[in-house]
Student: 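Can you read through this structure? Questions will come right after.
Atoms within a ligand are numbered from 1 in the order they appear, just like the ligands themselves.
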Amino acid sequence: MPDEPLVLGIETSCDETAVGIVAGHRLLANTIASSADEHARFGGIVPEVASRAHLEAMVPTLQRACKTAGISLPDLDAIAVTAGPGLAGALVVGVSAAKSLGLALGKPVYGVNHLASHVAVDGLSGSPVPEPAAALLVSGGHSSLLAVTDLVDDIVPLGATIDDAAGEAFDKVARLLGLPFPGGPHIDEVAQGGDPSAIDFPRGLTGGRDLQRHRYDFSFSGLKTAVARWVEQCRAEGRQVPVADVAASFQEAVADVLVRKAVMLCSEQGFDHLILGGGVAANSRLRSLAEQKCEGAGVRLRIPAPGLCTDNGAMVAALGSLAVSRGAQPSEDDFPAESSLPVDVALMS
Ligand code: KG4
Ligand code: ZN
């Protein structure tokens, strides 16, 4: 294998049909076709709609990515694809495409973990992913704190949400404030004009026995309910809901808890580096608070550019490239798509 393997990454775990191409740690293409608009009127992702959209978008997205990167498929050294976790029918489209390409081109195929890919994308920022590091992974379906000793084969989950994921909370609160789906980016925008200290929303699992029992875990469902109650009360009293203040105060509560626990983990477990990843890591307040608190605690913070935090194919290619350069075995020809692939399995055998 060359020093800088040319790797194609395919991502279809949710509503983005995404293809990325990297040469070692260099990003050559990051092409995304989203079916988000088709789901918006349902207020959430409809799996069957997502699968069909992937089928239609796969080949054109692949062609666009190759054109952007200035490569043709036979130039590739390997193909990586999200094998899980995600929507079963959506994953199958990407996995089938990757296997077909691998077979037709005679190239190795690596089935990789979507969550580990969200961390691996940090390696495209100009310097390799620091290992060991703590990672805070916050997306629409997951909120986890991880100890990453080796991104390809030693990831240990130390904490996770016990109910809603952080992104899920953003999406649900956006919905009750009448903002469009997916809600995270809209809350982020509306919150710019609000007061983050206007309403003191609860910080789940941060005190007393809850903190002892769930030191590195998160809970966002109480926060979501608190926001719903506050808004209901406001409406019941005939007052206009101060949307910007609610959004800013909610966002502050989420960012506060995430950063507090991530920095606590670094201090207690001796990690010098913290990597943020996943769609919620695109949040402007989470990014600025993490910068401030990490600096105060002497922890080096790494956050991918916002466009690389949300789902993309470059992150899958980045993990594939790391696997190739470390001499990992490609996945078996018949590896499955696993909708609930655990976070500690970075590569399918
Ligand atoms: O990682 P991702 O693109 O897909 C999953 O793997 O789930 O994350 C999507 C989630 C959604 O819940 C979306 O609302 C949230 O990330 N998100 C944000 C922002 N951008 C995306 N949440 C808060 N602020 C943002 N700027
Ligand atoms: Zn994701």
Student: May I ask you to identify, for Asn283, whether its side chain, its backbone, both or neither come under 4.0 Å of ligand 1 on a heavy-atom basis?
Tutor: both
Student: Quick one: does Asp188 get an N or O within less than 3.5 Å of an N or O on ligand 1?
Tutor: yes
Student: Does the side chain of Val254 reach to within under 4.5 Å of the side chain of Leu286, using non-hydrogen atoms?
Tutor: no
Student: How close does the nearest protein non-hydrogen atom get to atom 13 (C) of ligand 1, and which residue and atom is it?
Tutor: Asp171 OD1, 3.8 Å
Student: Would you confirm whether Thr161, through its side chain, and Asp163, through its main-chain N or O, come within 3.5 Å as a donor-acceptor pair?
Tutor: yes
Student: Closer than 2.8 Å to the Zn ion (ligand 2): does that hold for any N, O or S atom in His142?
Tutor: no
Student: Can you name the N/O/S atom of His114 that is nearest the Zn ion (ligand 2)?
Tutor: NE2
Student: Under 3.5 Å between any N/O of Gly278 and any N/O of ligand 1: does that happen in this structure?
Tutor: no
Student: Please identify which atoms of ligand 1 are closer than 4.0 Å to at least one heavy atom of Gly167.
Tutor: 12 (O)
Student: Please state which protein non-hydrogen atom is closest to atom 3 (O) of ligand 1 and give its distance, to 0.1 Å?
Tutor: Asp311 N, 3.0 Å
Student: Among protein heavy atoms, which sits nearest to atom 20 (N) of ligand 1, and what does the distance come to when rounded to 0.1 Å?
Tutor: Gly279 O, 3.5 Å
Student: Do the side chains of Gln192 and Asp188 get nearer than 4.5 Å, heavy atoms only?
Tutor: yes
Student: Suppose we call two aromatic rings close when their centres sit under 6.0 Å apart. Are Phe42 and Phe181 close by that rule?
Tutor: no
Student: Could an N or O of ligand 1 be found under 3.5 Å from any N or O of Gly140, whether backbone or side chain?
Tutor: yes
Student: Which atoms of ligand 1 sit under 4.0 Å from any heavy atom of Thr310?
Tutor: 3 (O), 21 (C)
Student: For the residue pair Thr17 and Ala57, what are the closest heavy atoms and their distance?
Tutor: OG1-CB, 3.7 Å
Student: Just to check, does Cys14 reach to within less than 4.0 Å of ligand 1 when the distance is taken from its heavy atoms?
Tutor: no
Student: Return yes or no for this condition: an N or O of Phe170 is under 3.5 Å from an N or O of ligand 1.
Tutor: no
Student: Could you find the nearest protein heavy atom to atom 18 (C) of ligand 1 and give me its residue, atom name and distance?
Tutor: Gly184 CA, 3.5 Å
Student: Identify, by atom number and element, the atoms of ligand 1 in contact range of Gly141, meaning under 4.0 Å from any of its heavy atoms.
Tutor: 7 (O)
Student: Side chains of Tyr216 and Glu268 only: does a donor on one sit below 3.5 Å from an acceptor on the other?
Tutor: yes
Student: Between Asp15 and His54, do the side chains contain a donor N or O and an acceptor N or O under 3.5 Å apart?
Tutor: no
Student: Which single N/O/S atom of Asp311 lies at minimum distance from the Zn ion (ligand 2)?
Tutor: OD1
Student: Under 4.0 Å, heavy-atom basis, I'd like to know which part of His118 is in contact with ligand 1: side chain, backbone, both or neither.
Tutor: side chain
Student: Would you please name every residue forming a side chain to side chain contact (heavy atoms under 4.5 Å, CB included) with Ala83, sequence neighbours left out?
Tutor: Phe335, Met348
Student: Residue-level breakdown please: for His114 versus ligand 1, do any non-hydrogen atoms fall below 4.0 Å on the side chain, on the backbone, on both, or on neither?
Tutor: side chain
Student: Cut-off 3.5 Å, side chains only: do Ser13 and Glu11 have a donor facing an acceptor?
Tutor: yes
Student: Could you verify whether a donor N or O on one side chain and an acceptor N or O on the other, from Ser35 and Arg52, lie under 3.5 Å apart?
Tutor: no
Student: May I ask you to decide if the ring planes of Phe218 and Phe220 are parallel, tilted or perpendicular, using 30° and 60° as cut-offs?
Tutor: parallel
